[in-house]
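All remarks here apply to the structure that follows.
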Amino acid sequence: MQYFDRHEGGENAILVHLDIHQISDPDDLEEFRLLVHSAGANEIEVITGSRSKPHAKYFVGTGKAQEIADAVKRFRDTHEDGDDVIVIFNHNLSPSQERNLEATLKCRVLDRTGLILDIFAQRARTYEGKLQVELAQLNHLATRLVRGWTHLERQKGGIGLRGPGETQLETDRRLLQIRVNQLKAKLEKVKQTRAQGRSKRQKSETPTISLVGYTNAGKSTLFNRLADDNIYAADQLFATLDPTLRRVKWAGVGNVVLADTVGFVRHLPHELVESFHATLEETLEADLLLHVIDASSPDMHEQIDAVNDVLSQIKADAPILLVYNKIDKSGEPAGIYYQETNTPARVYVSARDGIGMDKLIQAVQELLSGNLHHYIITLPYHAGQLKNTLHELGVIEHSDYDDTGKEVLSVRLSASKLKQLLGQFKLDAKEVLSPKDAKSLAPALEPFEEAIQQSRAIKNKNDEHSLTDLDPFCH
């Protein structure tokens, strides 16, 4: 049943791209063509032009609108399936501009937002992803419900002209709002489920590392390399849409949760940012963001700005490590670049070829655990739990035994992590570290040593009470 008096879409697309002088950050034509190809459309012709500002009625102006109409007519005259044509604009059109263009061109018109939503609808695989895409589509469609069934009109005067009182347009709007409310309620449950998962990870002190970046920057390829996984990755825009979480054992840090998120794009539709807020909350709650950048892209700086803009919209304030990917194409050497505070700021890698992955792992270690240092730890006989924890963290570089039979470990970890472990297992730094290492940690270990002494005093006191209660001659 046809609800809207709109032209059917098609797979053959005529692309329209204008250079609008008023727009300081214009959309890129080559990226637009990649978006069209990602949607599965067949590019027929590209019509370009320039204007000082958009035309109020057609966006492109009357002359350019006629040029597009002529291109549609040429295609229809030379192809048997001439009706299988759609005109796609690399701009966001108002509902009235979209309607005016369809009336003039006699074919379906799609703007940039509609194109991205169509790609997302094709790629959504999970229950959550489908809910989010449908909500974004309905929010976009809400302003475009026009020209409904004409046989259901408002009530009019005269015999035989009294309609049911509600047009199909109003009915559709009411049903659409009901569906939007249903989707929001379902996504709220998804949000609560995610919040519970995050709460459990926080209680277990499991850090979360979230991969963000421009679409097709190589996030999924890097995710597969780090997590030893095989999620779908391809050289196309928005190859993966649904968020993926994996638990990974990161050397020097221990267990972490690695999150792959949807790719961003310049002028990402507001409907998508709103609808995907439940997914983007993984980015909000992350302990560290890996901003994956296509180092071989000529628009690299514009893409970085686009990602930063979305992160600003969702108010993400976690520390960010810039990961310049695809150095196999750009030619940069693998390595870590530090800020003045000796904090890793940039890492150059190739996720596809596995180049520089050790540098990335080291940079994440330093960001999550502080600067790494070498320590020699002599384990007391009762420190088996500490040894197991060090093995789980993957920080033991060498193991040997001294003359007394005690195990001596050479480890590489941060001072803060070592302090935490000594306090956790109530070990005296002077007992397990060399005099030099113990002295370097002394100022920061004072709170831990004080806690250890208090714990021992309480234990001794409890032991005395226990013996007094058990010995009848003590009364």
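Here, residue 1 is the first one in the sequence, and each next residue gets the next number. Since the structure is predicted, the reported quantities are computational estimates derived from the model, not experimental observations.
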With a 3.5 Å cut-off and no angle check, do the side chains of [X] and [Y] form a donor-acceptor pair?
X	Y	value
D328	S350	yes
N92	R112	no
Y214	E302	no

side-chain contact (heavy atoms from CB on, under 4.5 Å) between L360 and L321, intermediate numbers included:
CA-CA 9 Å; L360 174 59; L321 175 65; 3.9 Å; yes
Spell out, as yes or no, whether a donor-acceptor pair under 3.5 Å connects the side chain of [X] to the backbone of [Y].
X	Y	answer
N12	N42	no
S312	N308	no
R346	L322	no
N181	Q177	yes
D294	S296	yes
T343	Q339	no
K64	T48	yes
D287	L368	no
Q97	H55	yes
D309	D305	no

Looking only at non-hydrogen atoms, find the nearest pair between [X] and [Y] and report the distance.
X	Y	value
R76	C107	NH2-CB, 3.5 Å
Y58	A65	CG-CB, 4.2 Å
V292	G218	CG1-C, 4.2 Å
K359	I336	O-CD1, 3.2 Å
L18	H91	N-NE2, 2.9 Å
L290	V323	CB-CG2, 4.2 Å

Note: [X]-[Y] ion pair, threshold 4.0 Å (strictly below):
X	Y	answer
E102	R99	no
R108	E98	no
D70	R74	no

Would you say the side chain of [Y] lies within less than 4.5 Å of the side chain of [X], judging by non-hydrogen atoms?
X	Y	answer
L421	L390	yes
V46	F32	no
L15	F89	no
V60	V16	yes
F75	V72	no
D84	E11	yes
I119	L35	yes
I20	P54	yes

Quick one: [atom1] on [X] to [atom2] on [Y], what's the gap to the nearest 0.5 Å?
X	Y	atom1	atom2	answer
D111	L93	CG	CG	5.0 Å
I68	E45	CD1	CD	9.5 Å
L110	I116	CG	CD1	10.0 Å
R51	K53	CZ	NZ	8.5 Å
I86	L105	CD1	CG	11.5 Å
S94	N100	OG	CG	7.5 Å

CD (Q182) with more than 12 external heavy atoms under 6.0 Å
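For Q182, atom CD is crowded (more than 12 foreign heavy atoms under 6.0 Å).
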Assess the residue pair I293 and M300 against the criterion (side-chain contact (heavy atoms from CB on, under 4.5 Å)); give the C-alpha distance rounded to whole Å, side-chain angles, the decisive distance to 0.1 Å, and a yes or no.
CA-CA 7 Å; I293 300 164; M300 178 180 69; 3.5 Å; yes
Could you pull out all residues at least two apart from E134 that satisfy salt bridge (Lys or Arg N to Asp or Glu O under 4.0 Å)?
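E134 satisfies salt bridge (Lys or Arg N to Asp or Glu O under 4.0 Å) with R179 once adjacent residues are dropped.
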Can you check side-chain contact (heavy atoms from CB on, under 4.5 Å) on I44 and V85, steps first, answer last?
CA-CA 9 Å; I44 303 170; V85 62; 4.2 Å; yes
Quick one: list whatever passes ring-ring contact (aromatic ring centres under 6.0 Å, His included) with Y348, sequence neighbours left out.
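Partners of Y348 under the ring-ring contact (aromatic ring centres under 6.0 Å, His included) test: Y324, Y337.
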Let me see the working for V248 and L226 under side-chain contact (heavy atoms from CB on, under 4.5 Å), right down to the final yes or no.
CA-CA 8 Å; V248 178; L226 293 173; 5.6 Å; no
Tell me, with the steps shown, if D260 and K219 meet salt bridge (Lys or Arg N to Asp or Glu O under 4.0 Å).
CA-CA 7 Å; D260 185 23; K219 293 187 306 302; 5.4 Å; no
